[in-house]
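Values in this document were obtained by computation on a predicted structure and should not be read as measured data. Chain A is the first sequence line, chain B the second, and so forth, proteins listed ahead of strands; every chain is numbered from 1.
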2 protein chains.
Amino acid sequence: MDLSERQLQILQAIITDYVENAEPVGSRSIAKKYDLGVSPATIRNEMSDLEEMGYLTHPHTSAGRVPSDKAYRLYVNELMKKKNLSAKDKRMINERLVASRDEFDRTIRHAAELLSEITHLASFAMTPATNQETISFIRLLPVDERTLILMIVGDSGNVTNTTLRLNSPYTQESLDLLSKNMTVSYKGRTLDDVLKNEIAEDVGSDIEALSQLKGNVMPSFLRTLEDMLNVNLYMEGMTNIFNLPEYTSIDRARDFMELFARKDWFTQKMLARDNGVVVTIGEENAVMKDCTLITATYHVDGKLVGKIGVIGPTRMKYDEITSIMEYLTNNLSESFKLPGSSGDGNAGKDE
Amino acid sequence: MDLSERQLQILQAIITDYVENAEPVGSRSIAKKYDLGVSPATIRNEMSDLEEMGYLTHPHTSAGRVPSDKAYRLYVNELMKKKNLSAKDKRMINERLVASRDEFDRTIRHAAELLSEITHLASFAMTPATNQETISFIRLLPVDERTLILMIVGDSGNVTNTTLRLNSPYTQESLDLLSKNMTVSYKGRTLDDVLKNEIAEDVGSDIEALSQLKGNVMPSFLRTLEDMLNVNLYMEGMTNIFNLPEYTSIDRARDFMELFARKDWFTQKMLARDNGVVVTIGEENAVMKDCTLITATYHVDGKLVGKIGVIGPTRMKYDEITSIMEYLTNNLSESFKLPGSSGDGNAGKDE
DNA sequence: TGTTAGCACTCGTCAAGCGAGAGTGCTAAT
DNA sequence: ATTAGCACTCTCGCTTGACGAGTGCTAACA
C-alpha cells in the first residue's frame, strides 16, 4: 500500500525535524513549522496511520513520533534529494586533502580525519584490499654477507620490501637463482593464493646452498605477503559522538567505543560491503544495530578499491553526508591515479 | 610533622578500603574490619587530624573520608610493600607474551594488550625513541631503470628501506656515487641531527646526473628518516574504564577517551618522563589531572628505551600494578637482547 | 467523506517534602 | 588519652502533586 502525497510530506517533515532536534515531534509543531495547510488533528490522524504502517514509533503514549528505520530507508531511497556541498565544506576538502601516492597511508588517514571533522561524526578509512593483486616479480638484493633485502612487486606497482638477517652467509649466485626461482613460481598468482597454498609446498631443491637459503627466506616472504594483504584501518573522531544526545547513556557510549577495540572484526565487516555509496540503517547493519553506517569507495589506478565510512546514530543528515562522501571519494580516486596516466589509469605502466 | 604509627595504620586502612570499594570510608567500618584496638571515636579524631594535614578529604559533612593525592603519594613512597605476582598473572605473562625481535611492533602491542587485560585498566606501549640513534651507512639499490630502493642502516642494527620511483632513468654509476656520498656525509650523525639540519644544506654537486638524482632522492630520504624517528604508540583496553564507578559520568569518560584522539600529544608527554617505574598521581601528572599514570621502561639491546604504561583513576592497586609492570618490562628487555648476545647486548654485532 | 475543534486522558518531568541511614563532631565521663 | 553518647548534617530514595506536551476520540462542520 503506497503512501499518499500528504503522508510523504508529513513523514518528510517529521524526519527533518527529528534529525535536527533529536526530540520526538508532535502534530502541533509540524503544523506550525511546515506549511502543509492542514490542522494538527489531521496530521495526528495521518501520523497514526504512518505508525500503523511501521514508519513511526512512539516512545510512550503522550510523546511525539520518532521515525523508524523503515522511514529513514524510505527517505534515503525516495524522498532524499541530492544536496550540493556547501562552499565551506568543498573548500575545506580541496584545501586540506593533500593526497599523495607516496604517503598513501597518511593521506587515507587524513581523509578520515577530514570526514569526521566535516560531519561531526565518527569516521574511518581503509587502505585498499589487495587480495586480488598478483605478483609481478620477486627480487633479492644483497646488503652485506648476512643481510639481504626481499622485495615483492605487485602488478599494480605496489612494492613492498623487508630486510632479512640470516644466521649464516649466503652466496651471490644462490641469491640470483632464488630470485628467478621464486619469480617463476609466483608470478601471476594472487597474494591470497600464494599465502594459502605455500605452506604445504615443498621447499626442496637440488642445490644445497639454494635450499638452505630458501628455507631462511620463506618465513619472511610469507610474513611480508601477509603485511601486503593487511588492510589498514584508521578510525577518527570517535569522541564526536559524546556530543550527541543519543549517547549520553554510558552504556551506548561504551558499546560504540568498543568498535575501537575490535578493529580486525570491523575491518572484515567493512570489506564485505558492496562498492559505491552504501547506506545501512539500524537493524539493516551487522555492526551496530542502532547506528547508521555509510560507506563509499575510492579507487587506486582505477583498480584497487579502498573504503571510507561514517558511523553515527540513525538520526543523521543523509543527504549532506552522502554528498560529502561522494565528493571526497572522487577526489581521492582522482589523486590516486598513476602519475602521467590520464584516462583509466593503465597508461604509462610497463614492466 | 610526622605521622604517628597509629595514624599510618589508619591511613593505610582507609586507602586499602577505598581502593577496594570506591566508597568513602567511615570510622566505624574501619574499627570493625581492621583490628586496631581502638574505638571509632578515636579513629574519628585521628581522621580529623589526617584531614587537617591534607591526607584525607571529605565529599560532604556526613560522608566518610577519601584519600587525597598526597595520601597515595605517601602510600607509594613509604607504606607500600612490594607485592609478589599472583601465580595466575605470572603464568599469563609467560605464556602469552611471545616476544620476537622480528615482529617488534606486534610484540609491543601485544604487551599493551596483556597489561590492560591483567590490570583491567587502560594501558599503552611505545616503541623505543630512536632520536639518539646514529646512521651507519646508506645504500641505494637498483630495481629497474626508474625504480630504486633506499636503505638506511642505523648503529643499533635498525634497518629501514623505501622504494622510490623516479620520473626519469638513472645510471648505475650515479647510484653508487650517491650511496658513498651520502654515507660519508651522514655516517655517525644522529637521525635527529640530520633531519633538523639537512633541509638547509646545499644539494649541489659537480656532476649533473648525480645532482639530479640527489635532488630526487633527498625528499624520500628525509621522509624515511622521519619514519625511523617516529615512535609508535599502541593504546589498549581504553573501554575498561567504563566498568569503573569513577567513570559513570559521561564527561569524565569523554575526557578519558580524548586521549585516544591525541596520540601525538600523549606520546610527547610520555617521552618526557623519566626511565624506570614512574608513578604520577592526580595533580602531579600533566596528562590527566584526575588520573594516575604509571610508566615503566624496557630496553632493546640494553640501549634503546621504550615505555609501557597504565592509566586509571588515582584509586588503584599500586602495589600489584607496579609489580606487574616491573615483571613485564623485565621480560621484554630479556626478549629484546640481540640474538646470541649474553651480557650487555653488544656482542655479535659487527658491520 | 474528509477535516477540524474540543476535550478527556496518559505519561514524563520537575520540585518539594519526608524519613531513614550513615557518619561526623562535640562534650562529658572514664 | 580514650571512649560513649548524642545532636547535627547531609545524601538518597520515595512519594506526591502540579504542569506540560501530546495523543485519541467524538461530534460537528463543509
Trainee: Listed by chain and number, what are the ring pair (Phe, Tyr, Trp, His ring centres under 6.0 Å) partners of B:Y75, not counting sequence neighbours?
Mentor: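 Ring pair (Phe, Tyr, Trp, His ring centres under 6.0 Å) check on B:Y75 returns nothing, list empty.
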
Trainee: Within the sub-3.5 Å range, which N or O atoms of nucleotides 14-21 of chain D have a protein N or O partner, and how far apart are they?
Mentor:
none

Trainee: Sequence neighbours left out, what passes salt bridge (charged side-chain N to carboxylate O under 4.0 Å, His left out) with A:R254? Give chain and number order.
Mentor: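 Result, salt bridge (charged side-chain N to carboxylate O under 4.0 Å, His left out) vs A:R254: A:D251.
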
Trainee: I want to confirm an ordering. Mapping B:P59 and B:P40 to their closest nucleotides on DNA chain D, which one lands closer to the 5' end?
Mentor: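 Nearest nucleotide further toward 5': that of B:P40.
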
Trainee: Please report, rounded to the nearest Å, how far the C1' atom of C:dT4 is from the CZ atom of A:R28.
Mentor: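 Distance check: A:R28 CZ to C:dT4 C1' gives 15 Å.
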
Trainee: Starting at CG of A:D17 and ending at C1' of D:dG22, how long is that distance when rounded to a whole Å?
Mentor: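 A:D17 atom CG is separated from D:dG22 atom C1' by 14 Å.
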
Trainee: Under the salt bridge (charged side-chain N to carboxylate O under 4.0 Å, His left out) test, which residues partner B:K83, sequence neighbours left out?
Mentor: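 Salt bridge (charged side-chain N to carboxylate O under 4.0 Å, His left out) list for B:K83, sorted by chain: B:E320.
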
Trainee: Begin with the C-alpha distance, continue with both residues' side-chain angles, and end with the deciding distance and a verdict on salt bridge (Lys or Arg N to Asp or Glu O under 4.0 Å) for B:D319 and B:K82.
Mentor: CA-CA 6 Å; B:D319 48 357; B:K82 209 158 214 154; over 6 Å; no

Trainee: For B:D17, give me all partners under side-chain contact (heavy atoms from CB on, under 4.5 Å), at least two apart in sequence or on another chain.
Mentor: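 Applying side-chain contact (heavy atoms from CB on, under 4.5 Å) to B:D17 gives B:N21, B:V25, B:K33, B:Y34.
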
Trainee: With the sugar-phosphate defined as primed atoms, P, OP1 and OP2, and the base as all remaining atoms, what B/S/- string results for nucleotides 24-30 of chain D, 5' to 3', for protein heavy atoms under 4.0 Å?
Mentor: B------

Trainee: Ring pair (Phe, Tyr, Trp, His ring centres under 6.0 Å) with A:Y247: which residues, sequence neighbours excluded?
Mentor: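 Checked A:Y247 against ring pair (Phe, Tyr, Trp, His ring centres under 6.0 Å); matches are A:F256.
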
Trainee: Considering non-hydrogen atoms only, spot the tightest contact between B:L328 and B:I308 and give its length.
Mentor: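 Nearest heavy atoms, B:L328 then B:I308: CD2-CD1, 3.8 Å.
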
Trainee: Which of the following nucleotides, C:dC11, D:dC10, D:dT3, is nearest to the side chain of B:S39?
Mentor: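 Shortest atom-to-atom distance from the side chain points to D:dT3.
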
Trainee: Rounding to an integer number of Å, can you tell me how far A:I30 CD1 sits from C:dT4 C1'?
Mentor: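 Whole-Å distance recorded here is 17 Å.
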
Trainee: Could you list all the side chain to side chain donor-acceptor pair (under 3.5 Å) pairs where at least one residue sits in residues 258-271 of chain B, not counting sequence neighbours?
Mentor: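 Qualifying pairs, neighbours excluded: none.
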
Trainee: A:R6 has an atom CZ; how far is it from atom P of C:dT4, in whole Å?
Mentor: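 It is 8 Å, rounded to the nearest whole Å.
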
Trainee: Check each residue of residues 19-27 of chain B for a non-hydrogen atom within less than 4.0 Å of any atom in DNA chain C, then write out the ones that pass by number, or none.
Mentor: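 Per residue number, the list reads B:G26, B:S27.
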
Trainee: How long is the line joining CD1 of B:I43 and C1' of C:dG23, in whole Å?
Mentor: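 One finds 13 Å between C1' of C:dG23 and CD1 of B:I43, rounded.
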
Trainee: Side chain of B:H60: nearest nucleotide among D:dC10, C:dG12, D:dT2?
Mentor: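 Out of D:dC10, C:dG12, D:dT2, the nucleotide with an atom closest to B:H60's side chain is D:dC10.
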
Trainee: Could you pull out all residues at least two apart from A:R315 that satisfy side-chain hydrogen bond (donor to acceptor under 3.5 Å, both in side chains)?
Mentor: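 In terms of side-chain hydrogen bond (donor to acceptor under 3.5 Å, both in side chains), with neighbours along the sequence ignored, A:R315 is linked to A:E246.
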
Trainee: Taking side-chain hydrogen bond (donor to acceptor under 3.5 Å, both in side chains) as the definition, give me every residue that meets it alongside A:T248, ordered by chain and number, with sequence neighbours left out.
Mentor: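 Residues passing side-chain hydrogen bond (donor to acceptor under 3.5 Å, both in side chains) with A:T248: none at all.
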
Trainee: Quick test of your reading: applying salt bridge (charged side-chain N to carboxylate O under 4.0 Å, His left out), list the pairs with at least one residue in residues 42-56 of chain B, sequence neighbours left out, ordered by first then second residue.
Mentor: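 Residue pairs passing salt bridge (charged side-chain N to carboxylate O under 4.0 Å, His left out), neighbours aside: B:R6-B:E46, B:E51-B:R65.
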
